[in-house]
Structure formats: structure tokens, C-alpha cells
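Note sheet for the following structure.
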Amino acid sequence: MSSKKLVSGLIYLLVIPLVCFGGIMFFRERFYSFVTAALAILTVAGYFLHFEKKHSDSTQLVIIAVMTALSVFGRIVFSFLPGFKPCTAIVIITALYMGRESGFMTGAMTALISNFYFGQGAWTPFQMLVWGLTGYFAGMLADKLIKSKPLLVTFGIISGMAFSLIMDLWSCLWADNAFILSRYLALVGSSAFFTLIYAVSNVFFLLVLSKPFGRIFKRLDKKYGIKN
């Protein structure tokens, strides 16, 4: 692993989660604005470690912007169906064909930008974190997920469960400023139906979108070399 990938990995897997969880524990009233800004800066910094001012780099930025816009648009269009959104599937597909850093950036920016429509709040950093990590891990497992439809479906299910579980963790920490197991289990139980919807929607949109988007990304990669 190159030194740049190692540093970006530490940013995404260690620094950003620490900022996210540390912010809610120590900043409270200032949590939302401070942590959201910090996560946005760190997300971009982790990505730009790979930016070398090549033509393919600018092409990657354009594609990431397009995929983020599609993800945001999909979240808005399906807002009448709670939990049933194409966002996670689009983030995963982006990561599969453009790499883990691009996946994290697409996921984190999806949460940040779409919440200008749905409403910014203390939940935004945790949504940025979970969607970002979904993209990052999808990029890490890209070769296996592209080759195996059952593995891709399984990853979609796990991603849906992870989103719900992490957001329940945010709710627990925000309510008590501490982790209380009984409250967390109650939150998990009360959100079980929505967790199921998250998982089902991920599987549905992955099955519908992975093939057509895969063809597009393969052509783009052949022409521009877009994968990190």
C-alpha cells in the first residue's frame, strides 16, 4: 500500500470516526456545525491525497459530482417512501468502479448536500460517516463484489443494517451523552422495521442499477482510467 493510501485510510477509518464520536461527547451544542465542517474538510483532504493534476483526476471529480447529484436526487425523489432510497446503492456502485476514496467522498457528500433539503442537524455527521464508510468498504471489496452477485447482495443487506445501527447509536449518545445498552437495544428494536426497509431497498437498487452503471463505468475507465 502506498503512503498516500495509508494516510487516506487512517483519515477515513480512524480520524473521521474519532471526530464524529468525540464531537457528540465533548461539544454537544456546537457538535453539529463543528463536526460537519470537520468531516467535510477531512473527506476532501483524504480524496485529494490522490489528486495529481492529471486529466483523469479532473474527470474523476466530474463523475463523483454526477454520482453524488444522482444520489441526492434519488433521496429526494423517494422521500415519500421512508428508508427506501437508492443512495446507498449509488455510493456502493461508485466505489466499485472508482475506488474506496471516491466511494467515501460520494457517500459523505450525499448526506451533507441532501440534508440542505431534508434539514441539517446533529444527525448529519453520522449520516456522512456511515454512507462514507459504506463506500470505502465497498471499494476495498470491489473485485469480489463485482464478480459475485450473492456477495454484492449480502453487502447491500449489511450496509442497510449498519446504517440503522449506527444511527441508533447516534440517537443513544445524543439523548444521554453516554452509551446506555438498554436504551440502545430499545432503539434497535423500535427501528427494526426500518432496518429491514433499508436492507431491502439496497438489494433492490443494487440489482437494478449495478449492471447498467457497470457498463458505463467500464467504458469510462477504458477511455479515461478513472479508478483510483
Examine [X] and [Y] and state if one hydrophobic cluster contains both, with Ile, Leu, Val, Met, Phe, Trp and Tyr joined whenever side-chain heavy atoms are less than 4.5 Å apart.
{"X": "Phe137", "Y": "Leu151", "answer": "yes"}
{"X": "Leu165", "Y": "Ile92", "answer": "yes"}
{"X": "Leu70", "Y": "Leu81", "answer": "yes"}
{"X": "Trp174", "Y": "Val188", "answer": "yes"}
{"X": "Met67", "Y": "Ile216", "answer": "yes"}

For [Y], does its backbone N or O pair with a side-chain atom of [X] as donor and acceptor, under 3.5 Å?
{"X": "Ser79", "Y": "Ile76", "answer": "yes"}
{"X": "Ser148", "Y": "Lys144", "answer": "no"}
{"X": "Ser164", "Y": "Gly160", "answer": "no"}
{"X": "Tyr47", "Y": "Ser102", "answer": "no"}
{"X": "Ser114", "Y": "Thr110", "answer": "yes"}

Classify the ring geometry between Trp170 and Trp123 as parallel (under 30°), tilted (30 to 60°) or perpendicular (over 60°).
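Rings of Trp170 and Trp123: perpendicular, over 60°.
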
Taking the six-membered ring of Phe118, is the NZ or CZ of Arg75 close enough (under 6.0 Å from the centre) and on axis enough (within 45°)?
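The answer is yes; both the distance and angle limits are met.
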
Interatomic distance, [X] atom [atom1] to [Y] atom [atom2] [nearest 0.5 angstrom]:
{"X": "Ile41", "Y": "Ile11", "atom1": "CD1", "atom2": "CD1", "answer": "12.0 Å"}
{"X": "Met128", "Y": "Leu42", "atom1": "CE", "atom2": "CG", "answer": "9.0 Å"}
{"X": "Leu133", "Y": "Phe163", "atom1": "CG", "atom2": "CZ", "answer": "12.0 Å"}
{"X": "Leu196", "Y": "Ser201", "atom1": "CG", "atom2": "OG", "answer": "9.5 Å"}
{"X": "Leu173", "Y": "Asp168", "atom1": "CG", "atom2": "CG", "answer": "11.0 Å"}
{"X": "Ser191", "Y": "Tyr198", "atom1": "OG", "atom2": "OH", "answer": "7.5 Å"}

Are [Y] and [X] an aromatic pair, judged by ring center distance below 6.0 Å?
{"X": "Trp131", "Y": "Phe104", "value": "no"}
{"X": "Phe205", "Y": "Phe78", "value": "yes"}
{"X": "Phe204", "Y": "Phe84", "value": "yes"}

Under the side chain to side chain contact (heavy atoms under 4.5 Å, CB included) rule, what do Thr68 and Thr94 come out as? Steps first, then yes or no, please.
CA-CA 9 Å; Thr68 302; Thr94 304; over 6 Å; no

Co-members of Leu187 in a cluster of I, L, V, M, F, W and Y side chains, linked at under 4.5 Å
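Members alongside Leu187: none; it stands by itself.
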
For Met161, which fellow cluster members are found when Ile, Leu, Val, Met, Phe, Trp and Tyr are connected by side-chain heavy-atom distances below 4.5 angstrom, either directly or through intermediates?
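Via sub-4.5 Å side-chain contacts, Met161 links to Val153, Ile157, Val203, Leu207.
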
side-chain contact (heavy atoms from CB on, under 4.5 Å), paired with Thr124, selected from Leu129, Asn115, Leu39
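That would be Asn115; it is the only one of Leu129, Asn115, Leu39 passing the side-chain contact (heavy atoms from CB on, under 4.5 Å) with Thr124.
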
Within-4.5 Å side-chain heavy-atom neighbours: Lys85 and Ser71:
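Contact flag for Lys85/Ser71 side chains = no.
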
Do Ser210 and Leu152 have side chains that approach each other closer than 4.5 Å (heavy atoms only, starting at C-beta)?
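Yes, side chains in contact.
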
Before you tell me yes or no, could you show the steps for Arg219 and Lys223 under side chain to side chain contact (heavy atoms under 4.5 Å, CB included), namely the whole-Å CA-CA distance, both residues' side-chain angles and the distance that decides it to 0.1 Å?
CA-CA 6 Å; Arg219 288 199 296 268; Lys223 186 173 183 179; over 6 Å; no

Enclosure of Phe73 CZ (heavy-atom neighbours >12, cutoff 6.0 Å):
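Atom CZ in Phe73 is not crowded, with 12 or fewer foreign heavy atoms closer than 6.0 Å.
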
Mark yes when over 12 heavy atoms from residues, nucleotides or ligands other than Phe193 sit less than 6.0 Å from its CZ; otherwise mark no.
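Result for CZ/Phe193: open.
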
Can you confirm whether the side chains of Asn202 and Ser159 place a donor and an acceptor under 3.5 Å from each other?
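Side chains of Asn202 and Ser159: no pair found under 3.5 Å.
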
Can you list the steps and then say if Phe155 with Leu206 is a side chain to side chain contact (heavy atoms under 4.5 Å, CB included)?
CA-CA 10 Å; Phe155 188 83; Leu206 281 171; 5.8 Å; no

Please assess Leu220 against Tyr97 for the test side chain to side chain contact (heavy atoms under 4.5 Å, CB included), listing each intermediate value before the final yes or no.
CA-CA 10 Å; Leu220 290 171; Tyr97 294 98; over 6 Å; no

